[in-house]
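What follows is a single structure, and I will ask about it in a moment.
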Protein chains: 2
Amino acid sequence: MLEAKGLRPSYQRLKILEYLAGSKAHPNVDMIYEDLAKKIPTISKTTIYNTLAALVEKGLARAVTISGQEVRYDFDVSEHSHFLCKKCGRVTDVYGIKLPNTKEKAEGRVIEEVHLYLKGICRECLNKLKGVQNGKR
Amino acid sequence: MLEAKGLRPSYQRLKILEYLAGSKAHPNVDMIYEDLAKKIPTISKTTIYNTLAALVEKGLARAVTISGQEVRYDFDVSEHSHFLCKKCGRVTDVYGIKLPNTKEKAEGRVIEEVHLYLKGICRECLNKLKGVQNGKR
DNA sequence: TTTCGTGCAAAGCATTTGCAAGTAG
DNA sequence: CTACTTGCAAATGCTTTGCACGAAA
């Protein structure tokens, strides 16, 4: 995959790509760093930043800026939406929502990316809230 | 407006709300600070952060996290989309795109916000690029 | 040998926090 | 009097930059 995009398949890049491909948590740089550092103690955040930027530029990953505080990364570049839980901060995929046609309203702009971001409370956090309420009674 | 939401209409808050209402640039905190500081030399960024957070919480403004680097603010809380030009960084409104129905896919989540973010190159930047190309010939 | 990739350290910004002084109800 | 608001200064956290060393083509 990397070679097809003109990127040298270095050990670090392979591990970062592999990590991203195996995660559904939409990790940020720090999560990737913390986990990979266990196996590769010499890895640096700079390399992770460099690699992720290259992956996004080459279309091998997507940057998800839903939280506004940090960039999260997604290996799945197919059409789908993202949900951010305001309570626990988790970002999850939402499949099956048809993105609207934006070309009609482009008005001379070139639209390269379309992101549908949903924010609210996830099911797990809702269940916890219910539990707390019941406990109070 | 402020009083209706339980916020004291202080001079700073009024000016910030007024500024936001009169701007279509989707300003970030720094833009608001730089402009307001000309008239109100004592205003602080802390107050702007505080006020914007209160406005968003009370539904008098929207936070636009399209760039992933900074939060931009929009006085228009009606349903519309946003476009970020990757070239010049400007954020513009896009009206008329019908947001997809997300309730069907909520799967137990409570969805409180729906944001459609478009990224690409704006018309102005495209025109500049054309100009450069023609100049080369 | 020239370009590319890595990683340390420092710098850069946006944002948050602690806190003291001022203001309004 | 009491709660809210302001704003300075410091701290935090994510990301970028400068740079030197090492590795690959």
Side-chain angles (χ1 to χ4, degrees), chain A residues 1-19 25-58 60-61 63-73 84 86 89 91, chain B residues 1-19 25-58 60-61 63-73 84 86 89 91:
Chain A
M1 288 177 76
L2 292 167
E3 285 176 334
K5 296 290 183 179
L7 295 173
R8 286 185 198 162
S10 73
Y11 182 68
Q12 287 87 338
R13 284 178 177 170
L14 282 170
K15 286 300 175 187
I16 293 167
L17 188 57
E18 193 178 280
Y19 180 89
H26 305 81
N28 61 18
V29 169
D30 205 58
M31 296 171 185
I32 299 173
Y33 174 76
E34 290 300 330
D35 281 351
L36 287 186
K38 294 171 189 166
K39 298 275 184 178
I40 317 164
T42 62
I43 204 167
S44 75
K45 284 195 183 180
T46 306
T47 297
I48 298 175
Y49 276 105
N50 287 339
T51 299
L52 290 171
L55 293 179
V56 169
E57 191 190 324
K58 300 298 184 182
L60 294 177
V64 178
T65 62
I66 192 170
S67 88
Q69 301 223 339
E70 59 187 359
V71 181
R72 286 168 168 263
Y73 294 89
L84 169 70
K86 294 177 179 178
V91 175
Chain B
M1 288 178 76
L2 292 167
E3 285 175 335
K5 295 291 182 177
L7 295 173
R8 286 186 199 161
S10 72
Y11 182 68
Q12 288 87 339
R13 284 178 177 169
L14 282 170
K15 286 300 175 186
I16 292 167
L17 187 57
E18 194 177 279
Y19 180 89
H26 304 81
N28 60 19
V29 169
D30 205 58
M31 295 170 184
I32 299 172
Y33 175 76
E34 291 299 332
D35 282 351
L36 287 186
K38 295 171 188 165
K39 298 276 183 176
I40 318 165
T42 62
I43 204 167
S44 74
K45 284 195 183 180
T46 305
T47 298
I48 297 175
Y49 276 105
N50 287 339
T51 299
L52 290 171
L55 293 179
V56 169
E57 191 190 324
K58 300 299 184 180
L60 295 176
V64 178
T65 62
I66 192 171
S67 89
Q69 301 223 338
E70 59 186 0
V71 180
R72 286 166 167 264
Y73 293 89
L84 169 70
K86 293 177 179 179
V91 175

Indicate whether OP1 or OP2 belonging to D/dT16 is found under 4.0 Å from a side-chain N or O atom of A/Y49.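 Answer is no, no contact under 4.0 Å.
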
Which whole-number value in Å describes the distance from A/E57 CD to D/dT16 P?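 It works out to 13 Å between those atoms.
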
Electrostatic pair A/R72:A/E70 at N-O distance under 4.0 angstrom: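 Between A/E70 and A/R72 there is a salt bridge, with a charged N closer than 4.0 Å to a carboxylate O.
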
Atom CD1 of A/I16 and atom P of C/dG5: how far apart are they, to the nearest Å?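 Spelled out: CD1 on A/I16 to P on C/dG5 is 12 Å.
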
Is it true that A/Y73 and A/N28 share a donor-acceptor pair across their side chains at a distance under 3.5 Å?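 Their side chains do not contain a donor-acceptor pair, so the 3.5 Å distance test is not met.
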
Can you check each nucleotide of nucleotides 3-12 of chain D against protein heavy atoms at under 4.0 Å and return B for base, S for sugar-phosphate only, - for none, in 5' to 3' order? -BSBBBB---

Whole-Å distance between C/dC4 C1' and A/L2 CG?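 Answer to the nearest Å: 14 Å.
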
Earlier contact from the 5' end, DNA chain C, for B/Y73 and B/P9: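 The residue mapped nearer the 5' terminus is B/Y73.
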
Per the side-chain contact (heavy atoms from CB on, under 4.5 Å) rule, which among B/L52, B/T51, B/T46 passes with B/V29?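 Of B/L52, B/T51, B/T46, side-chain contact (heavy atoms from CB on, under 4.5 Å) with B/V29 is met by B/L52 alone.
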
Without decimals, in angstroms, what is the distance between B/E70 CD and D/dT16 C1'?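 To the nearest whole Å, that distance equals 15 Å.
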
With a 4.5 Å limit on heavy-atom distance, are the side chains of A/L17 and A/L2 in contact?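 A side-chain contact under 4.5 Å exists here.
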
So which atom in A/L36 and which in A/K15 form the shortest heavy-atom distance, rounded to 0.1 Å?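 The answer is CD2-O, 4.1 Å.
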
Measure from CG on A/L52 to C1' on C/dT6 and round the result to the nearest Å.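 Spelled out: CG on A/L52 to C1' on C/dT6 is 14 Å.
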
Let me confirm one number: the CG-NZ distance from A/D30 to A/K45, rounded to the nearest 0.5 Å.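 These two atoms lie 3.5 Å from each other.
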
Return the value, rounded to whole Å, for the distance between atom CZ of A/R72 and atom C1' of D/dC14.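 From A/R72 CZ to D/dC14 C1': 13 Å.
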
